[in-house]
Number of protein chains: 2
Amino acid sequence: MSQQRQGSTPATTGAVPAFPDLPEATIARLPEYLRALHNLAETGSETVSSEGLAAAAGVNSAKLRKDLSHLGSYGTRGVGYDVALLIDQIEYILGLDQRRAVALVGVGNLGHALAGYDGFASRGFRIVALFDADAEQVGKPLNGLTVRHIDELGQAVVEEGITIGVIATPAGAAQAVADDLVAAGVTSILNFAPCVLSVPAGVDVRKVDLAIELQILSFHEHRKASLTAIPGGRSPEAGNQEAVGS
Amino acid sequence: MSQQRQGSTPATTGAVPAFPDLPEATIARLPEYLRALHNLAETGSETVSSEGLAAAAGVNSAKLRKDLSHLGSYGTRGVGYDVALLIDQIEYILGLDQRRAVALVGVGNLGHALAGYDGFASRGFRIVALFDADAEQVGKPLNGLTVRHIDELGQAVVEEGITIGVIATPAGAAQAVADDLVAAGVTSILNFAPCVLSVPAGVDVRKVDLAIELQILSFHEHRKASLTAIPGGRSPEAGNQEAVGS
DNA sequence: AGGCGCTTGTGAAGGCGTGCACAAATCGCG
DNA sequence: CGCGATTTGTGCACGCCTTCACAAGCGCCT
Ligand SMILES: NC(=O)c1ccc[n+]([C@@H]2O[C@H](COP(=O)([O-])OP(=O)(O)OC[C@H]3O[C@@H](n4cnc5c(N)ncnc54)[C@H](O)[C@@H]3O)[C@@H](O)[C@H]2O)c1
Ligand SMILES: NC(=O)c1ccc[n+]([C@@H]2O[C@H](COP(=O)([O-])OP(=O)(O)OC[C@H]3O[C@@H](n4cnc5c(N)ncnc54)[C@H](O)[C@@H]3O)[C@@H](O)[C@H]2O)c1
């Protein structure tokens, strides 16, 4: 019922580690560095110091240096990092030089926005197929693609070489869609539905839940308010305002 | 019948610490617990064990117990947790009993989807105002609200009691919008634009970058592929290219 | 050629988070 | 009323991550 998180992969062969196993925290920051580097490249910068790049990415410079050191030594002491080289390096590590094919399932409110988003194409991805279960949607053109029925998923995954699936269906359908994606051969899923997905080992799932983000912000608002306000905090039992329901 | 006092919180003022300072990691999981609890409540469950709730939320049960223990002791040994009580408790901690007012800036592709999303309303938030800089958009009705010009932001924040702002504008405009939001009195920002925002201390920013999520998945795809493939990894300097699918 | 200033790469320390394992507490039942 | 089954709450150890601080390396200037 769990997902992701393989145990430590012990060295199998004594082969050269062509693929350094980076810390998860580092991996999560590489895309941010990459975006900052692309911005720098556009402004004509040839090199950048760890301090400069760290500022552009919003992180500590020591952290950035340690992150990059995991990829190898691509900086020059006294000078900094070669912007173009570092871009290639990070894009290679992230596997972006392959322009991965992505399938989007659920062409509703959110799905439409995602399908029309050009920020994916510019950052290494191609949405190559759209799916929905609603007969009303199937067949409609959308941003150069035609919405297909979910039954064609398996076929499309093979034909288009899809490795990543995006779920933008209601929560109730998300697990079924995930099962379909896995069955079709997809091994990475980005889930926008507010629910926990169960997938086999070897399949990676990342979840984006906007309501959770807002709730975290709400907590900090609450905390900030309780500090500036009168110290007497109240107890939650008193049900004056109705609670949220769903 | 209410106290969330920590057993050992010495060395403070005599004031009661109505607000336990939870670990960030715990805070980030509370919304997930809350969602799982609402699901359980709908199925009629009165109580739930840490094991059961942990499974529903997709976490380790020990972790869940430790998280909840930070809120106080709201479980009963040998029985489990009272679902309704725990919901109230978490909603109180997260400050959701106030149904926070949210402003959405940028009514474009993504903004339309967000404005029409009912998942916010059902989880403690009210989008009370929509803003855009485009004269074309201003004045248009959208999901019961009228799009207003960004200049009216300051006024609306006061009138509507807005504490959270959502930025759904292009990256180039995001910093300016953030400045406007802060100037208007907003102290929490959810940013969808792919850029780093600079805000004064005391203002919280959370960022959602979908391309980053995909890139992290891409990394794992790349890693998985490099394991199953021929061990001889290549160096990225060689500017070759390989495409998936065809 | 040599020195100087700048920047990287990293050892070490500390903090945070996780998960195990178990004592304490509670309920149900005979 | 006591006992066993069950489940919480938590002490503890371990590993990951962050941050500091600095030696090593590089280029430039004199
Ligand atoms: N709209 C937003 O801004 C937003 C924000 C955050 C999260 N979400 C989440 O994203 C998901 C989609 O939201 P939405 O507003 O687009 O909903 P929606 O109802 O507008 O769209 C859902 C789409 O999924 C399709 N669908 C349903 N079952 C399917 C199945 N089994 N296979 C394929 N397609 C199926 C429907 O036909 C519909 O077109 C929801 O889980 C929602 O909670 C949406
Ligand atoms: N569309 C998506 O699915 C998607 C996904 C991920 C991230 N994003 C990001 O979200 C942001 C919005 O994306 P989009 O596709 O909706 O873009 P969009 O161009 O469709 O919409 C942007 C809107 O912002 C408005 N705007 C511009 N400058 C403004 C300002 N100074 N003040 C107020 N409003 C202003 C524009 O008038 C427009 O209506 C972008 O940063 C994009 O990278 C979008």
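Because the structure is predicted, anything quoted here is derived from the model rather than measured. Order of the sequence lines sets the chain letters (A, B, ...), proteins ahead of strands, with each chain counted from 1.
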Quick one: [X] [atom1] to [N] [atom2], roughly how many Å, whole number?
X: A/R29; N: D/dC17; atom1: CZ; atom2: C1'; value: 8 Å
X: A/D82; N: C/dT7; atom1: CG; atom2: C1'; value: 15 Å
X: A/K63; N: C/dG11; atom1: NZ; atom2: P; value: 20 Å
X: B/L71; N: D/dG9; atom1: CG; atom2: C1'; value: 13 Å
X: A/L64; N: D/dT18; atom1: CG; atom2: P; value: 12 Å
X: A/R65; N: D/dC22; atom1: CZ; atom2: P; value: 14 Å
X: A/E24; N: C/dT18; atom1: CD; atom2: P; value: 14 Å
X: B/L53; N: D/dT8; atom1: CG; atom2: P; value: 10 Å

Assign a letter to each nucleotide of nucleotides 25-30 of chain C from its 5' end: B, base within under 4.0 Å of a protein heavy atom; S, sugar-phosphate only; -, no contact. BBS---

Closest heavy-atom pair and its distance - A/L197, A/I167: CD1-CD1, 3.8 Å

Would you please test A/D21 and B/R223 for salt bridge (charged side-chain N to carboxylate O under 4.0 Å, His left out) and show each step? CA-CA 9 Å; A/D21 51 341; B/R223 185 180 47 73; over 6 Å; no

Below 4.0 angstrom from OP1 or OP2 of D/dC26, is there any side-chain N or O of A/Y81?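 For D/dC26, neither OP1 nor OP2 has a side-chain N or O of A/Y81 closer than 4.0 Å.
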
Would one find a side-chain N or O of B/N60 under 4.0 angstrom from OP1 or OP2 of C/dC20? yes

Is there a side chain to side chain donor-acceptor pair (under 3.5 Å) between B/T187 and A/E221? Walk through the geometry before answering. CA-CA 7 Å; B/T187 48; A/E221 281 296 317; 2.4 Å; yes

Gap separating the CG atom of B/D209 from the CD atom of B/Q215, nearest 0.5 angstrom: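 Those atoms lie 7.5 Å apart.
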
Using 4.0 Å as the upper bound for N to carboxylate O, is an ion pair formed by A/E32 and A/R35? yes

Side-chain contact check for A/K66: nearest option of D/dC17, C/dC22, C/dT10 is C/dT10

Which one, C/dT8, D/dT7, D/dA21, comes nearest to the side chain of B/S49? D/dT7

What does A/S73 touch in the nucleic acid at a heavy-atom separation under 4.0 angstrom: a base, only the sugar-phosphate, or nothing? sugar-phosphate

Answer yes or no: is there a donor N or O on one side and an acceptor on the other, between the side chain of A/S218 and the main chain of B/L94, under 3.5 Å? yes

Intermediate values then yes/no, side chain to side chain contact (heavy atoms under 4.5 Å, CB included), A/L37 and A/Y81: CA-CA 10 Å; A/L37 284 165; A/Y81 298 91; over 6 Å; no

